[in-house]
Structures are given as C-alpha cells and as structure tokens.
**Student:** 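The structure is given below, and queries will be raised subsequently.
These numbers come from a predicted model, not from an experiment.
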Amino acid sequence: MKKKTLLGIIAAAIIVPVVICVIAFNGKKSGTLLEENAFRDRAAIDSQEFVSIDDEAIALADTSGDTASLRSEALKAYNLVNEQREAAGLGTLVWDSNLESTSDVRARECSQSFSHTRPNGSAWYTVNSNIMAGENLAFGYYTADEVLDGWMNSPTHRENILYPTFTKISISVYVDDDGTYYWAQEFGY
C-alpha cells in the first residue's frame, strides 16, 4: 500500500508540472510580425528603369520541398485574406503563381534575416521588382488563423491586406530546421 501511495505522489509530481507547461504553451501567442511598412505604389513599379529579377533565388526556393500541409495553410490564409477584403467591401485577390515564386524566396530568406531587407542587402522587392508591390512577414505562427489575426491586428499589415488596388497575392510558409514557421505574403497589381 505504501508503494502505491509513493508511486502516486511521484507520478503527480511529474505529470502536474508537465500539464501546466502544456496549457501555458498552448495559450501563448508566440508569433512575431515585422512592423515596418513594405509597399510600392503602381507608379513606382511602372516608372522603374531597371527591373530586378533574382532568378537564382527563385530557382532555389522552388526546390524547397514544401509539404502539402504548409501549402494548405498558405491557401487557407489566402482564403481568410479574401474574407477580410469582402467584409470591407473590397474585391478579392487572385492567387498569382509568379508571386508565389517570390513569396517562396522571401519566406526562406526570412529564416536568415527577418527583415524587409534581403540577406544580400537588397530591398525586399528585388526578387522580382516588376511584380512585387507589398509584403507582409511573420514568424512563429503555426496556423493560417493565427498569422492572419496577427496581420489584421497590425495597422501596417492590415493596410496592405485591405489596400484597394492590389489585385494579386501569394503566401508561402517555410519551416526552418529549428521548427520555426516563417510566413511571406506578397501583393501585386
């Protein structure tokens, strides 16, 4: 009888702290947003003298091995963005495969440098300056619902999502070796 009581006390001493940690972790929002504004108006794109397209980075990103579940979350975030736009009386955005190549690059790059400046020191839109007009970044969010809540609760990110003349979008998710999720949302005209 004493053995059972002692085992019960030991089990409780181990299980209770673990359960408390799990509850605390699951209730914690650990995501981070980049609060800088990343936006280019249509006139800036149309008037640029030099178009920058980083073919090498795009080729590397296209071989990133994204899983179906990550793409599914990206597409869910896309649908949530369009729900927000419809609720605001705006037109929906079209998923753009060219922007998807750029968002793949940017999601991967954010694991190296979480910034609107690329790891090579150039501006965020130089992956393809001809089509990139706005960018929202985030990391540490594990679902589309979480990241979209974060973006919509941030004035600069919300502004990009609800910018009336954007017509195109793509969202990519990259998971770093340490398990951190990086999100890149790219907008175009």
Side-chain angles (χ1 to χ4, degrees), residues 17-39 58 60-116 118-119 124 127 132-163 166-188:
V18 169
V19 169
I20 290 170
C21 287
V22 167
I23 290 169
F25 178 75
N26 285 336
K28 180 181 174 188
K29 296 271 185 186
S30 61
T32 301
L33 303 173
L34 188 61
E35 290 296 339
E36 300 169 19
N37 189 13
F39 172 82
I58 291 171
L60 289 173
D62 288 343
T63 61
S64 65
D66 286 341
T67 65
S69 64
L70 292 178
R71 188 145 200 293
S72 176
E73 281 302 305
L75 291 172
K76 184 175 179 187
Y78 161 69
N79 290 326
L80 292 170
V81 164
N82 277 333
E83 286 176 15
Q84 291 292 328
R85 288 180 63 86
E86 286 176 344
L90 300 170
T92 59
L93 300 174
V94 176
W95 187 272
D96 186 272
S97 60
N98 292 318
L99 278 175
E100 186 172 10
S101 293
T102 67
S103 63
D104 286 349
V105 170
R106 293 298 295 134
R108 181 178 280 273
E109 287 181 344
C110 283
S111 70
Q112 299 166 34
S113 173
F114 187 65
S115 171
H116 290 303
R118 298 179 62 205
W124 58 274
V127 178
M132 296 174 74
E135 176 176 82
N136 287 344
L137 303 175
F139 77 89
Y141 294 96
Y142 298 101
T143 69
D145 292 311
E146 291 173 350
V147 77
L148 196 72
D149 284 347
W151 281 332
M152 290 304 291
N153 287 317
S154 161
T156 57
H157 297 89
R158 180 185 183 87
E159 186 177 343
N160 273 349
I161 289 169
L162 299 179
Y163 192 69
F166 283 153
T167 60
K168 300 173 185 177
I169 188 174
S170 182
I171 303 169
S172 294
V173 187
Y174 173 75
V175 180
D176 201 4
D177 292 339
D178 68 1
T180 303
Y181 282 50
Y182 292 89
W183 297 76
Q185 182 179 54
E186 304 299 330
F187 299 92

**Student:** Just jot down the ring pair (Phe, Tyr, Trp, His ring centres under 6.0 Å) partners of Tyr181, sequence neighbours excluded, or say none.
**Tutor:**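 With neighbours one apart ignored, the set is Tyr142.
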
**Student:** Which pairs with one or both residues in residues 75-85 pass salt bridge (charged side-chain N to carboxylate O under 4.0 Å, His left out), sequence neighbours excluded?
**Tutor:** Lys76-Asp145

**Student:** Side chains of Asp104 and Ser172 only: does a donor on one sit below 3.5 Å from an acceptor on the other?
**Tutor:** yes

**Student:** What ring pair (Phe, Tyr, Trp, His ring centres under 6.0 Å) pairs are there with at least one residue in residues 76-107, not counting sequence neighbours?
**Tutor:** Tyr78-Trp95

**Student:** Let me confirm one number: the CG-OG1 distance from Asp149 to Thr143, rounded to the nearest 0.5 Å.
**Tutor:**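 Answer for the CG-OG1 pair, Asp149 versus Thr143, is 8.0 Å.
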
**Student:** Could you please spell out the steps behind the side chain to side chain contact (heavy atoms under 4.5 Å, CB included) verdict for Glu186 and Asp96?
**Tutor:** CA-CA 10 Å; Glu186 304 299 330; Asp96 186 272; over 6 Å; no

**Student:** The criterion is side-chain contact (heavy atoms from CB on, under 4.5 Å); which residues satisfy it with Thr167, sequence neighbours excluded?
**Tutor:**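 With neighbours one apart ignored, the set is empty.
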
**Student:** Tell me every residue that passes side-chain contact (heavy atoms from CB on, under 4.5 Å) with Asp177, counting only those two or more places apart in sequence or in another chain.
**Tutor:** none

**Student:** Identify, with sequence neighbours excluded, every residue that meets ring pair (Phe, Tyr, Trp, His ring centres under 6.0 Å) alongside Tyr182.
**Tutor:** Phe139

**Student:** How close do Trp151 and Ala138 get, heavy atom to heavy atom, and via which atoms?
**Tutor:** NE1-CB, 3.8 Å

**Student:** To the nearest 0.5 Å, tell me how far Gln185 CD sits from Arg106 CZ.
**Tutor:**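 Here the rounded value is 13.0 Å.
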
**Student:** How long is the straight-line distance from CD1 of Ile171 back to CD of Glu73, given to the nearest 0.5 Å?
**Tutor:** 10.5 Å

